[in-house]
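What's counted below: heavy atoms across the whole structure, side chains too, no hydrogens, waters or symmetry copies.
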Amino acid sequence: MDEQKNTPEQNKPEKKLSRTTLTFYIVGLFSVAIALILISYIAQARADRQVDTLTDQLTEQQTVAQGATQKVEELQIQYDQLTKVVEELRTLIGTDEAQTDIVGAVTQMEEEREVYASLARINAQLLAGNNLDARAEYDTLVSQYGEERLLGNAQEDSFDSDINILFTAAKEQIETVEPQYGPTETEE
């Protein structure tokens, strides 16, 4: 019996030690569980904030993309309108050059209009007897556009045949008339 009494007494301290260890482990496990729950909560809150930020950015980008799409549509409409205007200009101008170069054709037409006006001024000055003014206008015309171009001998950018004929006539008249007063460029 002594042995039996000794045995349980020896086992009792082991049970106490075992309960203390078990209590320590349980408290430790609860502490770890609470720490993991806190870490999980913090990570989830951070992920939610990042998702909200990314959602805001995505919404912003979608708004910008919609604005850009709308701008592209507006630009396409403007392009279509300008294309129609260019086609109308090409048909109005009606030149072969206008089919490929509207600006060049319009510039050519403006230059031809200026040449016609200049030739008209030269003829008016000659008819009025203002040979010096006619000569000055003629020299300005030649220096601005070049004699070869005005005569129609230039390879590119020659004026039409009406201007060639009128310029040739004006040139002949300028060369045959004497200035009213003062020397001409050829007499100097």
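- You'll find the side chain of Gln76 reaches within 4.5 Å of the side chain of Asp80, heavy atoms only.
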List the atom pairs, with distances to 0.1 Å, where a side-chain N or O of residues 55-69 and a protein N or O form a donor-acceptor pair under 3.5 Å, not counting sequence neighbours.
| residue | atom | partner | partner atom | Å |
| --- | --- | --- | --- | --- |
| Thr55 | OG1 | Val51 | O | 2.6 |
| Thr59 | OG1 | Thr55 | O | 2.8 |
| Thr63 | OG1 | Thr59 | O | 2.9 |
| Thr69 | OG1 | Ala65 | O | 2.8 |

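- By the 4.5 Å heavy-atom criterion applied to side chains, Asn164 and Leu150 are not counted as neighbours.
- Considering only heavy atoms from C-beta on, Glu111 stays 4.5 Å or farther from Gln144 through its side chain.
- Both Ile122 and Tyr116 sit in one connected hydrophobic cluster of ILVMFWY residues. Membership requires side-chain heavy atoms under 4.5 Å apart, directly or through other members.
- Annotation: Phe167 is in aromatic contact with Tyr138 [ring centroid separation under 6.0 Å].
- Considering OG1 of Thr176 and CG of Leu126, their distance stands at 8.0 Å, rounded to 0.5 Å.
- Thr140 contributes a side-chain N or O that, together with a main-chain N or O of Ala136, makes up a donor-acceptor pair within less than 3.5 Å.
- For the pair Lys71 and Glu74, the minimum side-chain heavy-atom distance is below 4.5 Å.
- Rounding to the nearest 0.5 Å gives a distance of 10.5 Å between CG of Leu75 and CG of Leu82.
- Salt-bridge annotation for Asp139 and Arg135: present, with a side-chain N of the basic residue lying under 4.0 Å from a carboxylate O of the acidic one.
- Interatomic distance, OG1 of Thr83 versus CD of Gln78, reported as 11.5 Å (0.5 Å rounding).
- Taken from CD1 in Ile26 to CZ in Arg19, the straight-line distance is 11.0 Å, to the nearest 0.5 Å.
- In this structure, Asn123 CG and Ser118 OG are separated by 10.0 Å, a value rounded to the nearest 0.5 Å.
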List the steps, then state whether side chain to side chain contact (heavy atoms under 4.5 Å, CB included) holds for Leu141 with Tyr145.
CA-CA 6 Å; Leu141 182 66; Tyr145 297 106; 3.7 Å; yes
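- Looking at Glu137 and Asp133, their side chains never come closer than 4.5 Å, going by heavy atoms from C-beta outward.
- Residue pairs meeting the ring-ring contact (aromatic ring centres under 6.0 Å, His included) criterion with at least one member in residues 27-79, sequence neighbours excluded, do not occur.
- With sequence neighbours excluded, no residue forms a salt bridge (Lys or Arg N to Asp or Glu O under 4.0 Å) with Glu114.
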Stepwise side chain to side chain contact (heavy atoms under 4.5 Å, CB included) check, Asn131 with Ile174
CA-CA 8 Å; Asn131 297 342; Ile174 290 291; over 6 Å; no
